[in-house]
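Input: a single structure, listed below in structure tokens.
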Amino acid sequence: MIGRALTIAGSDSGGGAGIQADIKTFQELDVFGMSAITAITAQNTLGVHGVYPLSTEAIVEQIEAIGTDLGVDAIKTGMLFSADIIQAVSECIIKFKWENIIVDPVMIAKGGASLLQDEAVQALKEYLLPLAMVVTPNIPEAEVLTDMSIHSIDDRVEAAKRLHQLGAKHVVLKGGHGNEEELVDILYDGVNVSFFKGQRKSTKNTHGTGCTFAAAITAEMAKGQSVKHAVQTAKSFIQAAIEDDLKLGNGHGPTNHWAYQRRQRGGN
Ligand SMILES: Nc1ncnc2c1ncn2[C@@H]1O[C@H](COP(=O)(O)OP(=O)(O)O)[C@@H](O)[C@H]1O
Ligand SMILES: Cc1ncc(COP(=O)(O)OP(=O)(O)O)c(N)n1
């Protein structure tokens, strides 16, 4: 049977991040994509112009519709916006006994707009991280969740260990916000630390990189791959998507969700 992946996240009208990035990534990696929308954003490459959260009832109804019929093999959470939404989503995950949960702890969009209320951070730590098979913070998100400053690679490893102590079974701490030429994402599984390296591309077209990366991990896990294999594929997917950027819009443009498959087929 084909792998089934569900994204519980916000809609990005500009198509580069959120639900739209996730579904494109699922499709490119050959899994059946489904969605439960938490909020509508009016967004383009220049920034977030409006945020309209849905009621918890509307969100739970979407998740229940999927859980009681189609079923899922892996779930990604993205923009959850409020403590109430985090709690409602966590209760659904527990109710359906879903285990392959990839939590992208989205907090702030590239343009600076807040996609998670400050008071929701505690709910994220308390309700959702203990359910996470994988959590994928960027450096600023990891700093908020662990209450520590992250400068060196050793700091990243320490932060990953703290996030593991909060209940996430695997921690992928992304290096995009670091300043090294060779980007380093780390994976901590509670015992071992693995390093995933890639060449930094100098580009402003990085809108939605975090969503796309976490969606690729989710897709691979929906196909039954191990976390380590999923992260390796996601790294190749996002590297291609950033390198072959589409140059759309006047601000931070989207990445290229076709690039990985085109390369696999030997195209450019
Ligand atoms: N300029 C870049 N060149 C190549 N890879 C990048 C670049 N920026 C980010 N990445 C990669 O994209 C993924 C998302 O990283 P990051 O930017 O840290 O997350 P977020 O979008 O959540 O802020 C990571 O795998 C990171 O290494
Ligand atoms: C609806 C929505 N969800 C998430 C984000 C943040 O996406 P991310 O991949 O972290 O990319 P940037 O916003 O940092 O470019 C979003 N913008 N919108």
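Ligands are counted one by one from 1 in listed order, and the atoms in each one are counted from 1 as well.
Some N or O of Gln43 is nearer than 3.5 Å to an N or O of ligand 2, by distance alone. Polar contact with ligand 2: present for Lys110 (N/O pair, distance under 3.5 Å). Between His207 and ligand 2, at least one pair of N/O atoms sits closer than 3.5 Å. Of the polar atoms of Gly210, at least one N or O is found under 3.5 Å from an N or O of ligand 2, judged by distance alone. Looking at ligand 1, you'll find an N or O of Thr209 within less than 3.5 Å of one of its N or O atoms.
Using modelled atom types and a 3.5 Å distance limit, the side chains of Thr56 and Asp84 yield no donor-acceptor pair. For the residue pair Asp12 / Thr41, no side-chain donor-acceptor distance below 3.5 Å is found, with atom types taken as modelled. Donor-acceptor pairing under 3.5 Å is lacking for the side chains of Ser149 and Glu143. The closest side-chain donor-acceptor pair between His252 and Asn205, if any, does not fall under 3.5 angstrom. For the residue pair Asp189 / His164, no side-chain donor-acceptor distance below 3.5 Å is found, with atom types taken as modelled.
Annotation for ligand 1: atoms under 4.0 Å from non-hydrogen atoms of Phe213 are 25 (O). Counting atoms of ligand 2 from 1 in the listed order, those under 4.0 Å from a heavy atom of Ala109 are 13 (O), 17 (N). Taking a cut-off of under 4.0 Å to the non-hydrogen atoms of Asp185, the atoms of ligand 1 that pass are 24 (C), 25 (O), 26 (C), 27 (O). The contact set between ligand 2 and Gly10, taken as ligand atoms under 4.0 Å from a residue heavy atom, comprises 1 (C). The distance from ligand 1 to the heavy atoms of Leu183 drops below 4.0 Å at these ligand atoms: 2 (C), 3 (N), 4 (C), 5 (N), 6 (C), 7 (C), 10 (N), 27 (O). Ligand 1 places these atoms under 4.0 Å from at least one heavy atom of Lys110: 21 (O). Ligand 2 places these atoms under 4.0 Å from at least one heavy atom of Val106: 4 (C).
In terms of protein heavy-atom proximity, atom 16 (P) of ligand 1 is closest to Gly176 CA, 3.8 Å. Atom 10 (N) of ligand 1 has its closest protein heavy atom at Ile242 CD1, 3.5 Å. The nearest protein atom to atom 20 (P) of ligand 1, hydrogens excluded, is given as Asn138 ND2, 3.7 Å; this is a heavy-atom distance. Nearest protein heavy-atom neighbour of atom 23 (O) of ligand 1: His177 NE2, 2.6 Å.
Of the candidates Thr45, Leu115, Asn205, the one placing a heavy atom closest to atom 6 (C) of ligand 2 is Leu115. Considering Lys201, Lys235, Lys174, Glu141 only, the shortest heavy-atom separation from atom 27 (O) of ligand 1 involves Lys235. Evaluated by nearest non-hydrogen atom to atom 7 (O) of ligand 2, the leading choice among Pro105, Ala21, Gly111, Cys211 is Cys211.
Between His257 and Phe237, the two ring planes are tilted [angle within 30° to 60°].
Salt bridge absent: Asp22 and Lys24 never bring a charged side-chain N and a carboxylate O closer than 4.0 Å. Of the charged side-chain nitrogens involved, none lies within less than 4.0 Å of a carboxylate oxygen, so that Asp147 and Lys125 do not count as a salt-bridged pair. Ion pairing between a basic and an acidic side chain is recognised when a charged N comes within 4.0 Å of a carboxylate O; Lys223 and Asp73 show no such pairing. Using a cut-off of 4.0 Å between Lys/Arg side-chain N and Asp/Glu carboxylate O, Arg156 and Glu180 are scored as salt-bridged.
Remark: distances from the non-hydrogen atoms of Thr206 to ligand 2 include one below 4.0 Å. At least one heavy atom of Gln199 sits closer than 4.0 Å to an atom of ligand 1. Ligand 2 lies less than 4.0 angstrom from a heavy atom belonging to Gly208. Remark: distances from the non-hydrogen atoms of Ile238 to ligand 1 include one below 4.0 Å. Within the structure, the closest approach of His252 to ligand 2 does not fall below 4.0 Å when heavy atoms are considered.
The structure places CG of Asp155 at 9.5 Å from OG1 of Thr146, a figure rounded to the nearest 0.5 Å.
The environment of Glu61 atom CD is sparse: at most 12 non-hydrogen atoms of other residues, nucleotides or ligands sit within 6.0 angstrom. Heavy-atom contacts from other residues, nucleotides or ligands closer than 6.0 Å to NZ of Lys204 number more than 12. Counting heavy atoms of neighbouring residues, nucleotides and ligands inside a 6.0 Å radius, atom NZ of Lys97 does not exceed 12 of them. Under a cut-off of 6.0 angstrom, the local environment of CD in Glu99 is sparse, with at most 12 non-hydrogen atoms contributed by other residues, nucleotides or ligands.
Neither the backbone nor the side chain of Ile19 has any atom closer than 4.0 Å to an atom of ligand 2 (non-hydrogen atoms only).
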